[in-house]
Asks: 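Would you mind keeping the following structure in view while I ask a few things?
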Amino acid sequence: MLDIRFVRENADTVKAAMVNRNADVDIDAVLAFDRRRRATISEVDELKAERNTISKSIGLMIKEGKDPEAIKAQMREMGEKIAAMDEELREVDAKLREALLYIPNLPAETTPVGQDETDNPVVRSWGEKVELDFEPKPHWDLGEALKLFDLERGAKIAGSGFPLFTGKGARLERALIQFMLDLHTEEHGYTELATPFMCNETAMTGTGQLPKFAEDMYSVPLDGLYPIPTAEVPITNMYGNEILGQELPILHTAYTPCFRREAGSAGKDTRGLQRVHQFDKVEMVKFTTPETSAEEHEKLTLDAERVLQKLGLHYRVIELCTGDLGFSAAKCYDIELWTSAQDKWLEVSSCSNFSDYQARRANIRYRNEDGKATFVHTINGSGVALPRLVIAIMENNQNADGSIDLPEVLWPYMGGLEKLT
RNA sequence: GGAGAGGUGUCUGAGUGGUUUAAAGAGCACGCUUGGAAAGCGUGUGUGUGCUUAACGGUAUACCGAGGGUUCGAAUCCCUCCCUCUCCGCCA
């Protein structure tokens with residue numbers, strides 16, 4: 001959520017930023033709510049001040065044995081007026097908040113301006129494309145042949161997009177999760193968490209999934225819960241409504257499954273594991289001061305890249321331009337893996353700096369050097385998401401006989417297994 | 001799911017309708033004291049919002065788990081909900 005004072009004082013900047021984002025929001029409507037809200041507060045506070053004074057004098061009158069009935073009758077009227085104005089204030093307050101919740105974050109100054117994904121610059125790349133001297137098979141063929149997963153039976157029990165991993169495929173999921181968690185906790189300084197896999201509406205609003213993206217979320221209406229689309233939700237919101245007493249930055253990592261309805265993307269890249277409703281992911285989340293967030297964002301991105309380097313996978317980092325930037329993010333790098341069999345790039349990580357946007361929504365603060373309660377900056381990124389990672393390993397490491405070589409760092413996690421046959 | 005007990009500031013903890021403007025203590029910060037420290041003494045010590053200020057700040061209002069209600073006036077009384085603890089039930 002944007003700071004209403006900032007919006008008030010920099011309306012033109014905000015409007016220009018929204019144009020760069022292709023965001024259709026009515027800033028003037030927000031400003032009108034803001035004006036009405038402040039006028040109402042001034043008025044009702046004055047009345048309340050008067051009521052407090054007179055109420056106290058009534059107390060004194062009773063003590064002195066005087067009859068306060070005449071004044072009380074008068075005060076009843078004032079009470080009704082205050083109640084009416086409080087109600088009006090509640091309404092305009094709710095409208096203002098609702099409007100603000102639908103306004104996306106301001107892009108960082110360093111975020112490149114652009115229309116859509118074709119304007120996203122490539123920041124860097126690592127490794128080289130794998131050249132195979134035979135006709136490579138897509139992962140869905142390899143996986144069925146090696147019995148790594150059984151997508152038909154997954155569909156039978158839950159629906160398409162709910163993959164069922166079997167045997168070595170299931171073990172590969174577990175091995176990758178553990179490898180990544182070990183890397184982030186032992187070498188990158190993150191503290192591991194095991195979080196709830198469902199969150200309430202407040203948490204989903206805190207990180208920006210609600211209210212605007214309700215249709216992307218699964219929900220359990222009977223209990224008011226939502227299966228998490230990313231560990232970002234429980235991890236970020238665990239500090240909601242707190243003034244953090246500990247040193248910043250705070251670094252957390254967690255494995256969770258992620259649940260996404262993928263509404264509106266039906267039929268797009270859905271073959272095999274490319275786009276699924278449930279997938280495993282190791283996430284990284286940081287809470288930083290405003291001064292260090294840019295630097296910590298770069299470091300977090302490198303932490304994600306390190307996973308891919310250790311696995312020996314060719315990747316590139318692109319930066320999202322203003323037109324392609326996620327709703328809550330100020331700046332974002334996507335990491336994409338190359339797959340030779342399909343001759344294309346697959347997004348496996350999205351590393352974003354949210355500045356104080358989520359912190360303001362979730363009300364997460366710390367004490368700055370002056371001792372003043374200040375909103376933290378939140379940063380998070382996948383480190384990394386599994387299905388497309390598995391795709392890249394399978395498709396790039398395949399042999400002519402249909403077997404798949406496992407990256408050396410995974411051998412210990414696979415019980416010594418070096419090859420999927 | 002049932003019964004009971006609770007939820008007050010950084011912490012402990014008092015407070016059952018009106019100088020509570022949330023007592024007191026601890027902690028913390030600053031000052032005095034000291035050769036230095038401790039002790040002692042003194043002062044200060046939350047958050048949101050509105051108005052105001054160049055700024056320090058000032059001022060008003062709200063906040064005692066959350067949301068409603070009663071009342072001239074609510075931490076205090078009433079209603080709904082949430083959470084924690086104990087016991088029972090169910091259960092991996």
Asks: Reckon Asn52(A) has a side-chain N or O less than 4.0 Å from the OP1 or OP2 of U61(B)?
Replies: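 Looking at the OP1 and OP2 atoms of U61(B), one of them is under 4.0 Å from a side-chain N or O of Asn52(A).
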Asks: Within this structure, what is the CD-to-P distance between Glu242(A) and G46(B), rounded to whole angstrom?
Replies: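 Distance, rounded to whole Å: 20 Å.
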Asks: Considering only atom P, compute the distance from G42(B) to A55(B) and round it to an integer number of Å.
Replies: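 About 36 Å, rounded to a whole number of Å.
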Asks: Just the rounded figure in Å: distance from C1' of G50(B) to CG of Asp93(A).
Replies: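 So the CG-C1' distance, Asp93(A) to G50(B), works out to 12 Å.
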Asks: Is the NZ atom of Lys15(A) crowded by more than 12 outside heavy atoms at less than 6.0 Å?
Replies: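 For Lys15(A), atom NZ is crowded (more than 12 foreign heavy atoms under 6.0 Å).
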Asks: Considering only the C1' atoms, how many Å lie between A54(B) and G31(B), rounded to the nearest integer?
Replies: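 Taking atom C1' in both A54(B) and G31(B), they lie 29 Å apart.
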Asks: Provide the distance between the two C1' atoms, one in G13(B) and one in A66(B), to the nearest whole Å.
Replies: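 So the two C1' atoms sit 23 Å from each other.
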Asks: Rounded to the Å, how far apart are Asp86(A) CG and G67(B) C1'?
Replies: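 Between C1' of G67(B) and CG of Asp86(A): 14 Å.
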Asks: Can you tell me the Watson-Crick or wobble partner of A60(B), both distances under 3.5 angstrom?
Replies: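 Its partner is U49(B).
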Asks: What is the nucleic acid contact for Arg36(A), judged by heavy atoms within less than 4.0 Å: base, sugar-phosphate only, or nothing?
Replies: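 Counting heavy atoms under 4.0 Å across all strands, no contact is made by Arg36(A).
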Asks: Considering every strand shown, what is the Watson-Crick or G-U wobble mate of G36(B) when both distances are under 3.5 Å?
Replies: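 Base-paired to nothing in any strand shown.
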Asks: Please state how far atom CD1 in Ile41(A) lies from atom P in U52(B), giving the value in whole angstrom units.
Replies: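 Distance, rounded to whole Å: 13 Å.
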Asks: Could you walk me through whether Glu98(A) and Lys95(A) pass salt bridge (Lys or Arg N to Asp or Glu O under 4.0 Å), step by step?
Replies: CA-CA 5 Å; Glu98(A) 180 76 0; Lys95(A) 277 183 189 160; over 6 Å; no
Asks: Identify, between Ile243(A) and Glu87(A), the residue whose nearest nucleotide on RNA chain B lies closer to the 5' end.
Replies: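 Going by which nucleotide is closer to the 5' end, it is Ile243(A).
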Asks: Only one of Leu346(A), Leu172(A), Val384(A) clears side-chain contact (heavy atoms from CB on, under 4.5 Å) with Leu389(A); which?
Replies: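 Of the listed residues Leu346(A), Leu172(A), Val384(A), the side-chain contact (heavy atoms from CB on, under 4.5 Å) partner of Leu389(A) is Val384(A).
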Asks: According to a strict under-4.0 Å criterion, is Arg38(A) in side-chain N/O contact with OP1 or OP2 of U49(B)?
Replies: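 Answer is no, no contact under 4.0 Å.
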Asks: Using the C1' atom in both, what is the distance from U34(B) to C85(B), to the nearest Å?
Replies: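 Going atom to atom, C1' in each nucleotide, I get 49 Å.
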Asks: Base, sugar-phosphate, or nothing: which does Ile58(A) touch, judged by heavy atoms less than 4.0 Å apart?
Replies: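 Touches a base.
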Asks: Is the phosphate of U49(B), meaning OP1 or OP2, less than 4.0 Å from a side-chain N or O of Arg37(A)?
Replies: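 Checking Arg37(A) against U49(B): no side-chain N or O falls below 4.0 Å of OP1 or OP2.
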Asks: Can you tell me which nucleotide in G46(B), C72(B), U49(B) comes closest to the side chain of Arg367(A)?
Replies: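 The answer is G46(B).
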Asks: For U76(B), give the paired nucleotide (Watson-Crick: N1-N3 plus N6-O4 or O6-N4; G-U: N1-O2 and O6-N3; both under 3.5 Å), or none.
Replies: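 No nucleotide pairs with U76(B).
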Asks: Side chain to side chain contact (heavy atoms under 4.5 Å, CB included) for Val233(A) and Gln209(A)? Distances and angles first, verdict last.
Replies: CA-CA 9 Å; Val233(A) 178; Gln209(A) 281 75 23; 3.5 Å; yes
Asks: Over how many whole Å does the gap from Asn363(A) atom CG to G48(B) atom P extend?
Replies: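 So the CG-P distance, Asn363(A) to G48(B), works out to 8 Å.
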Asks: Could you tell me how far U33(B) sits from U84(B) if I compare only their C1' atoms? Round to whole Å.
Replies: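 Going atom to atom, C1' in each nucleotide, I get 47 Å.
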Asks: Paired with G31(B): which nucleotide, if any, by Watson-Crick or G-U wobble criteria at under 3.5 Å for both distances?
Replies: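 Paired with C41(B).
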Asks: P atom, A22(B) versus U59(B): distance in rounded Å?
Replies: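 Going atom to atom, P in each nucleotide, I get 15 Å.
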Asks: For atom C1', what is the distance between U20(B) and C63(B), given to the nearest Å?
Replies: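 That atom pair is separated by 15 Å.
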Asks: Determine: side-chain N/O of Arg5(A) to OP1/OP2 of U49(B), distance under 4.0 Å, yes or no.
Replies: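 So the side chain of Arg5(A) is within the cut-off, an N or O lying under 4.0 Å from OP1 or OP2 of U49(B).
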Asks: Take Ala373(A) and Gly79(A), find for each the nucleotide of RNA chain B with the closest heavy atom, and name the residue whose nucleotide sits nearer the 5' end.
Replies: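 Taking each residue's closest nucleotide, the earlier one in sequence belongs to Ala373(A).
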Asks: Any side-chain N or O of Arg90(A) under 4.0 Å from OP1/OP2 of G68(B)?
Replies: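 True: Arg90(A) side-chain N/O within range (under 4.0 Å) of G68(B) OP1/OP2.
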Asks: Round to a whole Å and report the spacing from NZ of Lys48(A) to P of C72(B).
Replies: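 Taking NZ of Lys48(A) and P of C72(B), I get 17 Å after rounding.
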Asks: Rounded to the Å, how far apart are Asn241(A) CG and C82(B) C1'?
Replies: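 The distance from CG of Asn241(A) to C1' of C82(B) comes to 14 Å, rounded to the nearest Å.
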Asks: Within the structure, does a side-chain N or O atom of Arg365(A) lie under 4.0 Å from either OP1 or OP2 of G48(B)?
Replies: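 True: Arg365(A) side-chain N/O within range (under 4.0 Å) of G48(B) OP1/OP2.
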Asks: Flag the pair Asp93(A) and Arg37(A) as a salt bridge only when some basic side-chain nitrogen lies within less than 4.0 angstrom of an acidic carboxylate oxygen.
Replies: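 Judged by the 4.0 Å cut-off on N to carboxylate O distance, Asp93(A) and Arg37(A) do form a salt bridge.
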Asks: Under a 3.5 Å limit for both distances, which nucleotide forms a Watson-Crick or G-U wobble pair with G1(B), could you say?
Replies: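 Check on G1(B): paired to C88(B), both distances under 3.5 Å.
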Asks: If we take the C1' atom in both A23(B) and C78(B), what is their distance in whole Å?
Replies: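 Pairwise C1' distance, A23(B) against C78(B), rounds to 27 Å.
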Asks: Could you identify the nucleotide paired to U19(B), looking across every strand shown and requiring Watson-Crick or G-U wobble geometry with both distances under 3.5 Å?
Replies: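 No nucleotide pairs with U19(B).
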Asks: Check the pair Trp140(A), Leu273(A) against side chain to side chain contact (heavy atoms under 4.5 Å, CB included), reporting the backbone distance first and the verdict last.
Replies: CA-CA 8 Å; Trp140(A) 52 85; Leu273(A) 299 176; over 6 Å; no
Asks: CG of Leu96(A) to CZ of Arg36(A): how many Å apart, nearest 0.5 Å?
Replies: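 Here the interatomic distance stands at 10.5 Å.
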Asks: Which whole-number value in Å describes the distance from Glu80(A) CD to G69(B) P?
Replies: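 Taking atom P of G69(B) as the reference, CD of Glu80(A) is at 13 Å.
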